[in-house]
K.L.:
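One structure, pasted below without further comment.
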2 protein chains.
Amino acid sequence: MTVSIKDVALKAGVSVATVSRVLGSGPVSDALRARVEEAVAATGYRPNLSARRLRSQHSQTIGLIVSDIRNPFFTAVSRAVEDAAFQAGMRVILCNTDENPDREAMYLRLMQEERVTGLIFAPTRTTLGRLDRAGLDFPVVLIDRSGPSGLYDSVVLDNQQAAAALVGHLHAQGYRRIAGLFGNTSTTAVERHGGYHAAMIEHGLTPDARFVPPYAEAAEAEVAGWLADGSSVVRPDAVMVSNSLLLMGVVKAARKHGLSIPGDLALAGFDNEAWTELVGPGLTVIEQPVHEIGCAAMNLLFERLDVPDRPTRKVVLSGTCVVRGSTAPWEASRV
Amino acid sequence: MTVSIKDVALKAGVSVATVSRVLGSGPVSDALRARVEEAVAATGYRPNLSARRLRSQHSQTIGLIVSDIRNPFFTAVSRAVEDAAFQAGMRVILCNTDENPDREAMYLRLMQEERVTGLIFAPTRTTLGRLDRAGLDFPVVLIDRSGPSGLYDSVVLDNQQAAAALVGHLHAQGYRRIAGLFGNTSTTAVERHGGYHAAMIEHGLTPDARFVPPYAEAAEAEVAGWLADGSSVVRPDAVMVSNSLLLMGVVKAARKHGLSIPGDLALAGFDNEAWTELVGPGLTVIEQPVHEIGCAAMNLLFERLDVPDRPTRKVVLSGTCVVRGSTAPWEASRV
DNA sequence: CTGAAAGCGCTAACAC
DNA sequence: GTGTTAGCGCTTTCAG
């Protein structure tokens, strides 16, 4: 049925070892090499990677576990990871966990069974806490979220700084009642809240943070709440949000309730997706170096494979504040 | 180093065959089963999938080759594919080709070496033409693009109908000079152009189609061209575009040149991405049943694995027209 | 129900 | 340089 190295050897009149050497990089005479290559072409032979892996104990496979590939951040990272992997002659197995610790556990098990060369992983908080006891025998690079543990290499955005930059910008533009809307599941949101809080204090402003589920609907409902008649909250004149879904939710709410941006509410958030340029007056956002994050993660992985016992490293990348109309100066937005 | 089935057998005081049976579904007495399970837990044993695959000749792996996972259509499809795959106990290997036939060829080779159980593939036109000579010995399901050949199962959108629906809608809203902007690389664009053209004729309108590279910039430049002083083109009062990048480009051009949508130019396109609801008055688009497309592809694959020699099938799914403000009635948009 | 043994396709010693 | 051979870790006959 399927043609094996034996068939090629037979056809070329050589031993399987010689065929293997031609495929790999052993010393073979030009004459035999030619014969083998001919036989390979004639038979349409393709090496069986399972056999090769079993024998060589190298899977040449890297795992990529993220919450949801549809999250544009992970989409972009996955592209970078895939590019780097295939450039290094490796394959990538993609796994979506939907932030579900059970699925994470299951996929970690899979990674072990695949004997992956390494793993790029964006864990939930829950799993992050247990990771040290997972007993993984391959290098892991954490992305997007990272524990304090320093047990694994990681590459993350400087979330505090980025959030603080957003607050600083809003403050400089003249806004004073700056609310913060954060997702309630991820560690990034916690860090971004930290930056928000510190910056608010630093600027002499009163922090006003809310944690909501990371869905557009949740943000929409929250904003709607501010507008409700009986609402006792002091209405913010600006809001910063910790991810693009919440950003979307605030825009939706503004449209629904006829709020003008930034006239009635200035808005700034994370992730410079293409559409943020097109919505309303354009949305001010922190741009994450998504491609660099993926590349950095792969580099950390390769370096650790090189030197298994070197100290763990945490690569912290900075975001860029892309200023657009949604945070126009306060005075201007009132006229 | 790594614990194998032998170690487990030793620890449990049984043969490796028994361990294998416990892991699989052989008949084993409760007593031994318990002993084995205990030994598995104690040793932290994880089966080696390469070995299992080599022996059983089942890779339990499906390949997914798309042009770019960052294309939201493919992102969504990949989620559906991954879900279905893991539900069936299979893994998926993700490959991005950037519409590059060389990379496609290379990945097809990889798929053979992995001995994948099946492949979900969105080929370029070039590769589509050669596919019959590729000599793949696993089932393939084409998505998004499909040849006339009927050589492989496929699942596609009814592009003609969808494009025609868009034209029909614009016509019903009172627009008459309806331009069409299509990507110049994909077969979907060709089909959508077909639907556009036919519908224009049917409504007694003059087709006005342009093929441009599938980038936002190309669409932007095209629209800018219409506005140029020396331009001899009759300016359209509406435009339909064949994909979301072009859609974005038209919106950008409109913003840049102060064109109001739909006042100066009505706009309709493909792919109901979240942001289309938030841009300007909301964009009228064809919503593709992305998840269903992924599921249908996996179903076709499974069914073919079941009955290898049944006739090939082409599943054609319909899009839904999501009407928003960008195609408000012509009269209304002029007041 | 259980164990012994063959071998999946390949690479890597080891001989010549 | 080249061939022979021993497994990599597992499943699956085949005996018992």
Side-chain angles (χ1 to χ4, degrees), chain A residues 1-37 39-40 43-61 89 109-117 137-138, chain B residues 1-37 39-40 43-61 89 109-117 137-138:
Chain A
M1 162 75 225
T2 174
V3 28
S4 87
I5 200 172
K6 238 177 186 162
D7 305 308
V8 177
L10 206 67
K11 181 135 199 160
V14 300
S15 74
V16 293
T18 301
V19 178
S20 179
R21 289 196 188 97
V22 171
L23 265 42
S25 54
V28 184
S29 70
D30 290 353
L32 285 200
R33 163 160 278 130
R35 289 230 310 269
V36 169
E37 277 164 354
V40 166
T43 54
Y45 168 72
R46 289 284 114 210
N48 181 321
L49 289 182
S50 292
R52 181 175 283 179
R53 288 186 186 126
L54 174 59
R55 175 61 230 228
S56 67
Q57 305 283 44
H58 292 311
S59 70
Q60 303 287 69
T61 299
R109 219 155 41 230
L110 173 65
M111 295 301 112
Q112 307 204 81
E113 303 189 350
E114 291 279 2
R115 305 293 192 264
V116 293
T117 306
D137 31 34
F138 44 77
Chain B
M1 159 79 226
T2 175
V3 28
S4 86
I5 199 172
K6 239 177 187 162
D7 305 308
V8 178
L10 206 66
K11 181 134 198 160
V14 299
S15 72
V16 294
T18 302
V19 177
S20 178
R21 289 196 187 96
V22 171
L23 266 41
S25 53
V28 185
S29 69
D30 289 352
L32 285 199
R33 160 160 279 129
R35 290 232 306 272
V36 169
E37 276 164 355
V40 166
T43 54
Y45 168 72
R46 288 284 116 208
N48 181 319
L49 289 182
S50 291
R52 181 175 282 179
R53 288 185 187 127
L54 175 59
R55 176 59 231 225
S56 67
Q57 306 282 45
H58 292 310
S59 69
Q60 302 289 67
T61 299
R109 219 155 41 230
L110 173 66
M111 294 301 111
Q112 308 204 81
E113 302 190 351
E114 292 279 2
R115 304 293 193 264
V116 294
T117 306
D137 32 34
F138 44 78

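Residue numbers begin at 1 in each chain, while the letters A, B, ... track the order of the sequences.
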K.L.:
Among D/dG3, D/dG9, C/dG9, find the nucleotide with the atom closest to the side chain of B/Ala51.
P.N.:
D/dG9
K.L.:
Find the distance A/Asn48:CG to D/dC8:C1' and express it as a whole number of Å.
P.N.:
13 Å
K.L.:
Looking at every strand, decide which applies to B/Arg53 at a 4.0 Å heavy-atom threshold: base, sugar-phosphate, or nothing.
P.N.:
nothing
K.L.:
What's the closest nucleotide to the A/Ser29 side chain, out of D/dT2, C/dT2, C/dT11?
P.N.:
D/dT2
K.L.:
Between C1' on C/dG9 and CD on B/Glu113, what's the gap in Å once rounded to a whole number?
P.N.:
13 Å
K.L.:
How many whole angstroms separate atom NE2 of B/His58 from atom P of D/dC10?
P.N.:
17 Å
K.L.:
Round to a whole Å and report the spacing from CD of B/Glu114 to C1' of C/dG9.
P.N.:
14 Å
K.L.:
Indicate, with a heavy-atom threshold strictly under 4.0 Å, whether A/Leu32 touches base, sugar-phosphate, or nothing.
P.N.:
sugar-phosphate
K.L.:
If the cut-off is 4.0 Å, is B/Thr18 near the phosphate of C/dG3, judged by side-chain N/O to OP1 or OP2?
P.N.:
yes
K.L.:
What I'd like to find out is whether the side chain of B/Asp137 reaches to under 4.5 Å of the side chain of B/Gln112, using heavy atoms alone.
P.N.:
yes
K.L.:
Let's see if you can work this out: which of D/dC8, C/dC8, D/dT2 has an atom nearest to the side-chain heavy atoms of B/Leu54?
P.N.:
C/dC8
K.L.:
Taking only side-chain nitrogens and oxygens of B/Arg55, does any of them come within less than 4.0 Å of OP1 or OP2 of D/dG9?
P.N.:
no
K.L.:
Would one find a side-chain N or O of A/Gln57 under 4.0 angstrom from OP1 or OP2 of C/dT11?
P.N.:
no
K.L.:
Would you sort out whether B/Leu49 and A/Leu110 count as a side chain to side chain contact (heavy atoms under 4.5 Å, CB included), showing the intermediate values?
P.N.:
CA-CA 9 Å; B/Leu49 289 182; A/Leu110 173 65; 3.8 Å; yes
K.L.:
May I have the distance from B/Arg35 (atom CZ) to C/dT2 (atom C1'), rounded to whole angstrom?
P.N.:
11 Å
K.L.:
Measuring from the side chain of B/Arg21 (C-beta onward, heavy atoms only), which nucleotide among D/dG9, C/dT11, C/dA4 has the closest atom?
P.N.:
C/dA4
K.L.:
Report the distance from atom CG of B/Leu49 to atom C1' of D/dG9, rounded to the nearest whole Å.
P.N.:
11 Å
K.L.:
Donor-acceptor pair under 3.5 Å: do we get one between A/Arg33's side chain and the base of D/dG1?
P.N.:
no
K.L.:
Indicate, with a heavy-atom threshold strictly under 4.0 Å, whether B/Ser4 touches base, sugar-phosphate, or nothing.
P.N.:
sugar-phosphate
K.L.:
Nearest of D/dC8, C/dT2, D/dT12 to any side-chain atom of B/Lys6?
P.N.:
D/dC8
K.L.:
Using atom CD1 of A/Ile5 as one end and atom P of D/dT4 as the other, report the distance to the nearest whole Å.
P.N.:
14 Å
K.L.:
Rounded to whole Å, please give me the gap between CZ in B/Arg46 and C1' in D/dC8.
P.N.:
20 Å
K.L.:
Between A/Val36 and A/Val28, is there a side-chain heavy-atom distance shorter than 4.5 Å?
P.N.:
no
K.L.:
Does B/Ser59 reach the main-chain N or O of B/Arg115 with its side chain, forming a donor-acceptor pair under 3.5 Å?
P.N.:
yes
K.L.:
Mapping B/Val16 and A/Ser56 onto DNA chain C by nearest heavy atom, which one lands closer to the 5' end?
P.N.:
B/Val16
K.L.:
Considering only side-chain heavy atoms of A/Val14, which listed nucleotide, C/dC1, C/dA4, D/dG3, is closest?
P.N.:
D/dG3
K.L.:
Between A/Ala17 and B/Asp30, which has a closest nucleotide on DNA chain C that is more 5'?
P.N.:
B/Asp30
K.L.:
Please report the shortest heavy-atom distance between A/Phe138 and A/Val116, naming the atom on each side.
P.N.:
CB-O, 3.5 Å
K.L.:
Before giving the answer on side chain to side chain contact (heavy atoms under 4.5 Å, CB included), spell out for A/Arg35 and A/Thr18 the whole-Å C-alpha distance, their side-chain angles and the decisive distance to 0.1 Å.
P.N.:
CA-CA 11 Å; A/Arg35 289 230 310 269; A/Thr18 301; over 6 Å; no
